[in-house]
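Input: a single structure, listed below in structure tokens.
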2 protein chains.
Amino acid sequence: MSKITIKELAQKLNLSISTVSRALSDSYETSEETKKKVKALAEQLGYQPDLYASNLRSRKSKTIGVIIPEITNSFFSLAINGIEEIAREKGYHVLIYLTHESYQQELSISRLLLDGRVDGVLMSVSSETTDVKHLADFNERKIPVVLFDRIHDGYKTLKVGTDDYQSGFRSALHLIQKGCKNLAYLSISKQLCMDKRRMKGFLDAVKKFEIRSRVVYCHQDDAGNEKVLSGLLSAEDAPDGIFASVEKLGVAVYEVCNKLSVSIPEKLKVISFSNLKMAPLLQPPLTTITQPAFEIGKQATVALFKALKNNFIYEEDEEIIIRSELIVRRSTE
Amino acid sequence: MSKITIKELAQKLNLSISTVSRALSDSYETSEETKKKVKALAEQLGYQPDLYASNLRSRKSKTIGVIIPEITNSFFSLAINGIEEIAREKGYHVLIYLTHESYQQELSISRLLLDGRVDGVLMSVSSETTDVKHLADFNERKIPVVLFDRIHDGYKTLKVGTDDYQSGFRSALHLIQKGCKNLAYLSISKQLCMDKRRMKGFLDAVKKFEIRSRVVYCHQDDAGNEKVLSGLLSAEDAPDGIFASVEKLGVAVYEVCNKLSVSIPEKLKVISFSNLKMAPLLQPPLTTITQPAFEIGKQATVALFKALKNNFIYEEDEEIIIRSELIVRRSTE
DNA sequence: TTGTACGCGTTATCAG
DNA sequence: CTGATAACGCGTACAA
């Protein structure tokens with residue numbers, strides 16, 4: 001019972017291979033009667049069409065690839081949730097690849113996906129990525145690529161993200177309104193378009209109100225961040241308000257404050273991009289800019305399927321923006 | 001440049017298809033010279049062997065399937081991290097499927113994976129699953145299956161988990177030592193072997209010390225859990241110590257305590273299975289039983305590759321136990 | 001060392 | 001409505 005093929009079904013039913021094939025695919029040019037017989041036997045013997053054979057003919061893999069920097073990040077796990085939901089609905093399969101924020105990994109994974117394994121790609125570029133030539137290869141293979149969250153200027157396609165500039169602006173404004181006089185923006189990457197936009201919004205607000213501010217470039221590794229933040233917070237002119245551009249950095253701030261006994265919000269007000277379900281349960285509850293992660297994943301997938309269905313690839317820039325929400329909690333009181 | 005095939009390479013080099021094929025696979029019966037020429041051209045034209053064609057011949061997909069209940073759960077995202085790492089190392093691809101704790105989904109996903117798409121499967125069964133007949137189908141197809149974390153009695157294979165019984169026992173003991181007189185065990189499923197073991201450990205400790213206790217069966221949905229826990233905690237004889245058998249329930253307890261202003265640890269001591277990085281930052285810091293999630297994912301994958309490499313499937317029960325750690329924090333002080 | 005020819009399981013085309 | 005036959009791209013006996 002291990003490998004039933006169409007051929008065996010045909011033999012047992014005294015039909016030709018092609019008739020069986022047609023019956024199984026519900027072709028209109030087959031009698032209802034044979035369809036029933038064939039399907040019954042197929043069901044009974046547990047027939048499964050061979051994936052590789054049928055893909056070889058049809059040139060479709062019914063699979064999409066998802067390339068993300070990391071998965072232990074509530075934004076990405078929620079996004080995957082959305083992606084998987086839509087994909088399963090459409091009968092597609094989802095391959096997951098993690099770059100761990102490494103450009104090299106991103107490169108080699110991209111290369112792997114050129115072998116016809118996937119019909120389309122969803123991607124969030126790594127924070128190291130500056131050059132996006134590897135993405136052009138997908139165009140040559142007519143594989144549509146949709147970028148989400150970690151979008152990149154250098155590659156033209158459909159992009160799904162949030163209102164980064166506005167979020168940065170609102171965050172700075174909120175801190176200023178709460179009385180901060182000395183702000184810091186924690187950046188995760190000098191290259192990422194998303195980071196630049198958040199920063200731009202933040203800096204514009206700061207400039208408008210003529211508040212002192214600085215930008216702190218952080219690292220990928222926790223140890224490095226602890227060092228940077230410890231330095232920052234124990235300095236003479238330590239900031240009194242921090243905006244963490246990504247969740248990881250918000251958590252790092254809490255950890256360091258905990259260690260150094262810097263009290264939030266009295267000495268330092270903190271606001272962070274985050275999708276942590278536990279934000280309200282932290283000590284103190286964390287004010288967040290929360291992205292609709294699930295929805296972003298979903299929209300990106302819907303857009304990808306639009307391309308897949310109509311057999312085109314996105315060659316011009318186009319953006320779908322889904323707003324983030326500022327949720328005020330005790331950390332900025 | 002979109003679809004270079006072996007045939008085109010052959011034409012351009014005035015060689016036969018088979019020679020090119022051999023050259024690319026480094027066959028010993030090919031001259032070094034032709035190998036070089038072929039490989040050079042292949043590289044230059046960006047040749048990628050067609051996955052489906054070659055799999056159709058070789059009957060190997062170089063892909064494993066991972067079926068888990070949910071991804072927004074720090075245990076599973078860490079585990080996937082470990083899985084992906086090993087898989088990539090071995091040149092394998094990883095397909096992800098989420099059951100959302102639904103038995104029906106698990107069933108239909110399992111069926112999908114019988115079509116030769118994957119060489120092996122890693123799985124954590126859903127909390128609804130009682131019947132595991134669907135897993136037997138993998139055996140018939142000679143597809144090895146390794147269970148991790150959410151293991152199930154009914155299916156014989158290699159299983160990777162943690163010391164559930166001991167963890168349950170230790171947790172109850174810890175609460176008792178901290179002075180609790182009235183304990184509650186929060187269960188996520190009546191079927192799961194893992195849950196039963198944790199509960200058994202818990203109940204054995206309780207019995208040994210003759211402490212009052214009860215078992216509370218919780219739900220999959222947050223709303224349902226809020227209701228159950230609100231009832232539990234506002235009752236006359238509310239427990240003074242809780243052991244949450246999974247992270248989700250630990251978080252739910254915090255949320256309800258927050259809402260009802262039940263103070264932890266004064267009125268209620270809480271200990272929970274959890275891989276939350278933020279456990280120390282919660283209000284108050286949460287005492288956890290922490291599983292080596294990354295390592296569990298890794299070991300499960302290593303075991304799967306052992307089967308894959310030696311071309312066998314696990315047909316007898318065998319367990320790999322990786323110990324969890326009790327990390328005491330303020331929630332049980 | 002290289003080329004010829006066939007088959008993997010399917011789907012698509014063309015007759016009948 | 002059904003059957004024979006030719007691809008899809010690759011790998012591999014077998015022959016040269």
Side-chain angles (χ1 to χ4, degrees), chain A residues 1-39 41-42 45-63 91 114-119 141-143, chain B residues 1-39 41-42 45-63 112 114-119 141-143:
Chain A
M1 180 161 170
S2 65
K3 285 168 161 189
I4 299 292
T5 72
I6 252 183
K7 202 173 178 178
E8 298 174 70
L9 291 181
Q11 279 171 354
K12 302 209 187 212
L13 292 167
N14 267 327
L15 284 172
S16 76
I17 291 181
S18 35
T19 307
V20 174
S21 169
R22 272 185 299 241
L24 289 172
S25 59
D26 247 336
S27 162
Y28 58 93
E29 46 179 353
T30 314
S31 73
E32 283 306 321
E33 203 182 343
T34 29
K35 274 190 199 173
K36 273 196 185 137
K37 275 202 305 200
V38 171
K39 286 184 177 176
L41 187 66
L45 298 184
Y47 166 76
Q48 289 280 127
D50 183 285
L51 170 75
Y52 294 98
S54 78
N55 284 169
L56 177 58
R57 283 281 342 185
S58 63
R59 307 271 82 199
K60 289 273 166 261
S61 67
K62 284 260 183 186
T63 303
L114 294 171
D115 66 359
R117 179 180 303 272
V118 298
D119 295 342
R141 295 288 201 295
K142 302 292 172 216
I143 300 174
Chain B
M1 178 166 171
S2 65
K3 285 169 161 188
I4 299 293
T5 71
I6 247 182
K7 201 173 178 179
E8 298 174 69
L9 291 181
Q11 278 172 353
K12 301 209 188 212
L13 292 166
N14 266 327
L15 284 172
S16 78
I17 293 181
S18 46
T19 306
V20 174
S21 167
R22 274 184 296 241
L24 288 173
S25 58
D26 249 335
S27 161
Y28 58 94
E29 45 180 353
T30 313
S31 74
E32 283 305 321
E33 202 181 343
T34 26
K35 275 190 199 173
K36 271 193 187 140
K37 275 202 305 203
V38 172
K39 286 183 177 176
L41 187 66
L45 298 183
Y47 167 76
Q48 289 279 126
D50 183 286
L51 170 76
Y52 294 99
S54 71
N55 283 169
L56 179 56
R57 293 244 23 153
S58 65
R59 310 269 83 198
K60 287 274 166 259
S61 69
K62 284 259 181 187
T63 303
L112 283 179
L114 294 171
D115 66 359
R117 181 179 301 272
V118 298
D119 295 343
R141 294 286 200 293
K142 302 294 171 215
I143 299 175

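These numbers come from the heavy atoms of this one structure, side chains and all, not from hydrogens, waters or symmetry mates. It should be emphasised that the depicted structure is a prediction, and the values quoted were computed from it without experimental measurement. Chain identifiers are assigned alphabetically (A, B, ...) following the order of the sequence lines, protein sequences preceding nucleic acid strands; residue numbering begins at 1 within each chain.
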Measure the angle between the two terminal helix axes of the helix from C/dT1-D/dA16 to C/dG16-D/dC1, five base pairs each, and quote it to 10°.
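Computed from the C1' atoms at both ends, the axes differ by 40°.
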
Residues in side chain to side chain contact (heavy atoms under 4.5 Å, CB included) with A/Thr30, at least two apart?
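Checked A/Thr30 against side chain to side chain contact (heavy atoms under 4.5 Å, CB included); matches are A/Arg22, A/Ala23, A/Ser27, A/Thr34, A/Lys35.
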
Are OP1 or OP2 of C/dT1 and a side-chain N or O of B/Ser31 less than 4.0 angstrom apart?
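For B/Ser31, the contact criterion (side-chain N or O under 4.0 Å from OP1 or OP2 of C/dT1) is not met.
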
Closest approach of A/Tyr52 to B/Gly116 (non-hydrogen atoms, all atoms of both residues)
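Scanning both residues, the minimum pair turns out to be CE1-O, 3.0 Å.
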
Do you know the tightest heavy-atom contact between B/Asp115 and A/Pro49?
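Closest approach of B/Asp115 to A/Pro49, heavy atoms only: CB-O, 3.7 Å.
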
If you define the side chain from C-beta out and look only at heavy atoms, does anything of A/Tyr47 sit under 4.5 Å from A/Ile6?
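Side-chain contact under 4.5 Å: yes.
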
Can you find a heavy atom in the side chain of B/Leu45 that is under 4.5 Å from one in the side chain of B/Lys12?
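Counting from C-beta outward, B/Leu45 and B/Lys12 do come under 4.5 Å.
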
Say you draw a straight line from CD of B/Gln48 to CD1 of B/Ile4; how long is it, rounded to the nearest 0.5 Å?
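Result: 11.0 Å between the selected atoms.
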
Answer yes or no: is there a donor N or O on one side and an acceptor on the other, between the side chain of A/Ser25 and the main chain of A/Ser21, under 3.5 Å?
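Checked: pair present.
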
Results of side-chain hydrogen bond (donor to acceptor under 3.5 Å, both in side chains) for A/Arg59 - residues two or more places apart only:
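Here the qualifying residues are B/Asp50.
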
side-chain hydrogen bond (donor to acceptor under 3.5 Å, both in side chains) against B/Lys39, all qualifying residues, sequence neighbours excluded
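For B/Lys39 the side-chain hydrogen bond (donor to acceptor under 3.5 Å, both in side chains) partners, ignoring immediate neighbours, are B/Asp26.
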
Walk along DNA chain D from 5' to 3' and tell me the first and last nucleotide with an atom closer than 4.0 Å to a non-hydrogen atom of chain B.
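Both ends considered, the range comes out as D/dG9 to D/dA13.
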
For every nucleotide of nucleotides 5-12 of chain C, 5' to 3': is a protein heavy atom under 4.0 Å from its base (B), only from its sugar-phosphate (S), or from neither (-)?
--BBBBBB

